[in-house]
Asks: 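Have a look at this one.
As the structure is a prediction and not an experimental result, all values here were calculated from the model. Whatever order the structure lists ligands and atoms in, that order sets their numbers, starting from 1. As a basis for the values below, the full set of heavy atoms in this structure was taken, side chains included, without hydrogen atoms, waters or symmetry mates.
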Amino acid sequence: MKFNIEILRKNLPEYLHTLQIEYFEKIDSTNTYLLKRKKFDNEILVITDFQTAGRGRFSRSWISNPAENLMFSIGLPSIKVSDLSKLSFLVPLSIQESIAEVLELNLFIKWPNDLIIDNKKVCGILIETLIENNENAKVVIGIGINVNQVEFPAEIKMRAISLRAITNKMISRELLLAKIISKIFEYLNSLPYNFEMIYEKYKNKCTGLGKKISLLFNDKIYSGLLNDINKSGELELLIGDQKLTFNSGEITILKE
Ligand code: BTN
């Protein structure tokens, strides 16, 4: 069934009733749409039921059946450049907590911002930035969540799972999205005084800390101990007595 914006709007807190929301039955990519459009002077939420060119991290594609999952982007017109790295704590944490509250399901965060269970991905996040000047940036936060899709194409079957497949329940996409949007904005508004708490909560939900991992970064694999994720969002890897920090990449946990 088509995504129902009215149900979403009704379930947002009052201060978000004026949030600009655009829905497309089909679009190339909600992130690409907002990046091309550039001009958004207010916060905006773009939702679609199908993407013909959905994009993931590392120029991968994001594949999702029509009208079964959540695919959306949030455009933030002005974020302090110094706050940009905080988004990769705040956004996955908001989604993790929303899913825990709505479905009583405890997903893990895999650095930097995937949500996983049993090593399978439920949610991916692609944060893209349009730097305006030294101080401010426009940000597009793209989120894809596998909600009600049960069959996945062969190429992602081993790595993807949906909330429905885990819980055995059909899930209301509108109610789940209302919770996620409420939480993201709640945390965004509290960021100036709440960052420490957000950072600690994020690390608490992170999988792999203190474990042996391998990291794929720029076509090279690094193996070591996941020592920490610092407050700038970088991963600290201990290789022998050397400590290396990485600001992006993909990790695999070698020993639980
Ligand atoms: C990843 O895990 O690689 C990130 C996936 C992000 C997918 C979402 S779906 C909505 C938005 N539009 C896109 O083209 N990508 C993001």
Asks: What atoms in ligand 1 come closer than 4.0 Å to a heavy atom of Ser29?
Replies: 12 (N), 13 (C), 14 (O)

Asks: Pairing donors with acceptors under 3.5 angstrom, does anything connect the side chains of Tyr199 and Lys203?
Replies: yes

Asks: Is it the side chain, the backbone, both or neither of Phe58 that has a heavy atom closer than 4.0 Å to ligand 1?
Replies: neither

Asks: Is any side-chain heavy atom of Ile79 closer than 4.5 Å to one of Leu188?
Replies: yes

Asks: Mark up the atoms of ligand 1 that fall under 4.0 Å of a heavy atom belonging to Gly56, in ascending order.
Replies: 1 (C), 3 (O), 4 (C), 5 (C)

Asks: Around atom CG of Asn134, are there more than 12 heavy atoms of other residues, nucleotides or ligands at under 6.0 Å?
Replies: no

Asks: May I ask you to list the atoms of ligand 1 that are less than 4.0 angstrom from any heavy atom of Gly54?
Replies: 14 (O)

Asks: For atom 5 (C) of ligand 1, what is the closest protein heavy atom, and at what distance to 0.1 Å?
Replies: Trp62 CE3, 3.4 Å

Asks: Is it the side chain, the backbone, both or neither of Thr32 that has a heavy atom closer than 4.0 Å to ligand 1?
Replies: neither

Asks: Would you say Lys243's side chain and Glu236's backbone share a donor-acceptor pair under 3.5 angstrom?
Replies: no

Asks: For the residue pair Asn31 / Glu128, report whether a side-chain donor-acceptor contact shorter than 3.5 Å exists.
Replies: yes

Asks: When only distance counts, is Arg55 in polar contact with ligand 1, meaning an N/O pair under 3.5 Å?
Replies: yes

Asks: Less than 4.0 Å is my threshold; does some heavy atom of Gln51 fall inside it relative to ligand 1?
Replies: yes

Asks: Give the contacting part of Ile125 toward ligand 1: side chain, backbone, both or neither, where contact means a heavy-atom distance below 4.0 Å.
Replies: backbone

Asks: Any idea which protein heavy atom is nearest atom 2 (O) of ligand 1, and the distance to it?
Replies: Lys121 NZ, 2.5 Å

Asks: Among all protein heavy atoms, pick the one closest to atom 3 (O) of ligand 1 and tell me residue, atom and distance.
Replies: Arg57 N, 2.6 Å

Asks: Of all heavy-atom pairs between Ile180 and Ser98, which one has the smallest distance, and what is that distance?
Replies: CA-OG, 3.4 Å

Asks: May I ask you to identify the nearest protein heavy atom to atom 11 (C) of ligand 1, giving residue, atom name and distance to one decimal place in Å?
Replies: Thr30 OG1, 3.3 Å

Asks: I'd like to know whether CG of Asp118 has more than 12 heavy-atom contacts from other residues, nucleotides or ligands below 6.0 angstrom.
Replies: no

Asks: Within a 6.0 Å radius of atom CZ on Arg37, are there more than 12 heavy atoms belonging to other residues, nucleotides or ligands?
Replies: yes

